[in-house]
Amino acid sequence: MYTCCLQIYISGHPNHTFDVIKRMPSLVNFTHIFSESDEAEAALAAKADLIIADLSAADPYQTVQTLQQNRRDKAQIILLADKKQTQLLCSNPVIKEITDIWITPISDDEIRFRFLRWQQTCKMSLDFWQTSHYLEATINNVPNLIWYKDKDGVHEKVNDSFCKAVNKTKQQVEGRRHAYIWDVEEDDPTCIESEHQVMSREQTLITEETIKAGNELRTLMCYKSPLYNYDGTVMGTVGVAIDVTKERAYEQEIVKKNQDLETLLATMDCGVMRHTLDDSRILTINNAALKILGYETTEDLMADGFDLIAASVMEEDRHHLRSSIRMLKKAGDTVNVEYRVKHKDGEILHVIGSIKLYEEKGELYCQRFLVDCTEQKLQDKKNERMQMELIQALSRDFTLVCFIESETGAMVTVRANTFGSGSVFDGQVSFSESMERYIQNVVYEEDREMMRQFISLDTLNEKLAEGKSFSVNYRKYVNGEIVYFQMKAVSATANDAGTGIVLGF
């Protein structure tokens, strides 16, 4: 992957050796740029990756000293010297920093062999650098803890996340054992045993370990594998640890919430059940749902022929309930439906059901909530009967009775049979228009404005909000005489007309 442009500086008078080197091809991913001078020059030496110096016509010590003092870090020096010069250089300390000496005279084949070997060595060094760079870039940019240990448990190498976890530098960690690194009194026996298993079995071992980091206990999911010598024998272990402290806390919280939810579902009055759509398998159902449907156990419900709906659902409501479930097509679809169930003892319950589809692992499931509304239904019917009785009572005691929808003002005449006013309220008419005709036609003139104020829809609603009834007295002309009348308003609910007001005159 890497590319390398090598700056090669050739020092000394031009000769055949230099020509052979310059004609040699570069290796893959490498390019060569040559610079030359007859004598050693500090500026050229400072730019070079490789310096090749011919000492045949130069002062060996002066040339080598100039090149060494001015070369950049990691730059290599190859000298071309005869045997006598080589002997002198080898007895001098300067030889320690020389990469190689090619003894002259030298053949073309040997020049090519030696330069090719240098190229291969250079490539091997850069290959090693690239591999090391890959390793460092990988292990130091992941959140997981990574370490390498020898057979005795000494940490040879760790990554940045490891250092962060133990709050120590790599220099402090590398070369030390568990106790010092984690600030505990002794090495962890569990950790030691797991590493012995890895090395003896030569297999990766996965363990969950709890350690103390500072003042906190942390849970680590550890993956430990063997490391091998060149001859195949085990030389140590490599470990990767994932900090799962938060995940374990989340799991415990979820388990607790599930337990609380199961307890709640088991004790709540609302029935809850979940089942499949294809084969009608019941996944979960609480006691309240079983009680509402009229069964003791889930097995009893299934044995009685559960197929999307319970067998206890009354025959008249089964088609509507089943169709309501079938109309749900995708996750999130919801429908509310009322139906009745009949228990084996003959008791009939009214049920309000909320049905919703949800998706789990690519499959649709049905979640249902069942609420027993029997008591409410019975109370509603009782209220309706009471309201109808009230309307009938008003019909008997008053000469004119009307039912008015409190929001729209639509009016239905219940009874109108005397004093010539019935025609004003015939059929289903507008309350405001009819009352205006009534006031204009039959109400005594001095009482008309009062009546208009009291019988407006807003006034009636306001007065009835303060109490169950409201009344007002007024006068009418009947056969040329003044007769005293009373209008009484009562809040009421009728089967067909909805919520409204009953007026009796």
A.B. asks: Looking at S200 and Q197, would you say the former's side chain and the latter's main chain have a donor-acceptor pair under 3.5 Å?
C.D. replies: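 Yes: the side chain of S200 pairs with the backbone of Q197.
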A.B. asks: Considering only residues two or more places apart or on different chains, which pairs with a residue in residues 37-59 satisfy ring-ring contact (aromatic ring centres under 6.0 Å, His included)?
C.D. replies: none
A.B. asks: Within a strict 4.5 Å, meaning less than it, do heavy atoms of the F115 and W102 side chains meet?
C.D. replies: yes
A.B. asks: Testing the basics here: between S312 and L293, what is the closest heavy-atom pair and its distance to 0.1 Å?
C.D. replies: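 S312 and L293 have their closest heavy atoms at OG-O, 2.7 Å.
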A.B. asks: State which residues pass salt bridge (Lys or Arg N to Asp or Glu O under 4.0 Å) with E247; sequence neighbours excluded, sorted by chain then number.
C.D. replies: none
A.B. asks: With side chains defined as the heavy atoms from C-beta onward, is the minimum distance between D54 and N15 less than 4.5 Å?
C.D. replies: yes
A.B. asks: Please, which pairs that meet side-chain hydrogen bond (donor to acceptor under 3.5 Å, both in side chains) have at least one residue in residues 17-29, sequence neighbours excluded?
C.D. replies: K22-E36
A.B. asks: For Y358, look at atom OH and say whether over 12 heavy atoms of other residues, nucleotides or ligands are found less than 6.0 Å away.
C.D. replies: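 Yes - once you tally the heavy atoms of other residues, nucleotides and ligands closer than 6.0 Å, there are more than 12.
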A.B. asks: Can you see whether N229 engages T233 through a side-chain donor-acceptor pair at a distance of less than 3.5 angstrom?
C.D. replies: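 Distance-only check passes for N229 and T233.
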A.B. asks: Tell me, which pairs form a ring-ring contact (aromatic ring centres under 6.0 Å, His included) where one or both residues lie in residues 271-294, sequence neighbours left out?
C.D. replies: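 Every ring-ring contact (aromatic ring centres under 6.0 Å, His included) pair that includes a residue of residues 271-294, provided the two are not neighbours, is H275-F306.
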A.B. asks: Output a table of donor-acceptor pairs, distance under 3.5 Å, between side-chain atoms of residues 88-96 and any protein atom two or more places apart or on a different chain; print 'none' if there are none.
C.D. replies:
| residue | atom | partner | partner atom | Å |
| --- | --- | --- | --- | --- |
| S91 | OG | L88 | O | 2.8 |
| N92 | OD1 | V94 | N | 3.0 |

A.B. asks: Just so I know, are the side chains of K224 and E195 near enough to count as touching, which here means a heavy-atom distance under 4.5 Å?
C.D. replies: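 Sidechains of E195 and K224: in contact.
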A.B. asks: Please find the pair of heavy atoms, one from T66 and one from N70, that lie closest to each other, and give the distance.
C.D. replies: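 It is O-ND2, 2.7 Å.
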A.B. asks: Just wondering, do Y148 and I146 contact through their side chains at under 4.5 Å, heavy atoms?
C.D. replies: yes
A.B. asks: For I292 and D372, work out which heavy atoms get closest and say how close.
C.D. replies: CD1-N, 4.0 Å
A.B. asks: With sequence neighbours left out, which residue pairs that include part of residues 319-344 fulfil the ring-ring contact (aromatic ring centres under 6.0 Å, His included) condition?
C.D. replies: none
A.B. asks: Taking salt bridge (charged side-chain N to carboxylate O under 4.0 Å, His left out) as the cut-off, I'd like each qualifying pair that reaches into residues 72-90, sequence neighbours left out, listed once.
C.D. replies: D49-R72
A.B. asks: Quick one: list whatever passes salt bridge (Lys or Arg N to Asp or Glu O under 4.0 Å) with K164, sequence neighbours left out.
C.D. replies: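 Partners of K164 by the salt bridge (Lys or Arg N to Asp or Glu O under 4.0 Å) criterion come out as none, since no residue qualifies.
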A.B. asks: On the 0 to 90° scale, with breaks at 30° and 60°, tag the H32-F34 ring pair as parallel, tilted or perpendicular.
C.D. replies: perpendicular
A.B. asks: Please enumerate all residues that pass salt bridge (Lys or Arg N to Asp or Glu O under 4.0 Å) together with D231, with sequence neighbours excluded.
C.D. replies: none
A.B. asks: Does some side-chain heavy atom of L277 sit less than 4.5 Å from a side-chain heavy atom of E363?
C.D. replies: no
A.B. asks: Parallel, tilted or perpendicular: which fits the ring planes of H155 and F162, with parallel below 30° and perpendicular above 60°?
C.D. replies: tilted
A.B. asks: Could you tell me which residues satisfy salt bridge (Lys or Arg N to Asp or Glu O under 4.0 Å) with R248, sequence neighbours excluded, listed by chain and number?
C.D. replies: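 Expected list: E208, E251.
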A.B. asks: Would you call L126 and C4 a side-chain contact if the rule is heavy atoms closer than 4.5 Å?
C.D. replies: yes
A.B. asks: Can you confirm whether the side chains of D127 and W129 place a donor and an acceptor under 3.5 Å from each other?
C.D. replies: no
A.B. asks: When you check the side-chain N and O atoms of R218 and T245, is any donor under 3.5 Å from an acceptor?
C.D. replies: no
A.B. asks: Which salt bridge (charged side-chain N to carboxylate O under 4.0 Å, His left out) pairs, counting each pair once, include a residue from residues 331-350, with sequence neighbours left out?
C.D. replies: D317-R340, K330-D333, E338-K377
A.B. asks: In terms of side-chain geometry, is the basic nitrogen of R114 or E110 positioned less than 4.0 Å from the acidic oxygen of its partner?
C.D. replies: yes
A.B. asks: Under the salt bridge (charged side-chain N to carboxylate O under 4.0 Å, His left out) rule, what pairs show up with a residue in residues 286-309, not counting sequence neighbours?
C.D. replies: D307-R322
A.B. asks: Looking only at non-hydrogen atoms, find the nearest pair between S225 and V198 and report the distance.
C.D. replies: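 Looks like C-CG1, 3.4 Å.
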A.B. asks: When you measure from the side chain of S37 to the backbone of S11, do you find a donor-acceptor pair of N or O atoms at a distance under 3.5 Å?
C.D. replies: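 Not confirmed, S37 side chain does not pair with S11 backbone.
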A.B. asks: Any non-hydrogen side-chain atom of I355 less than 4.5 Å from a side-chain atom of T334?
C.D. replies: no
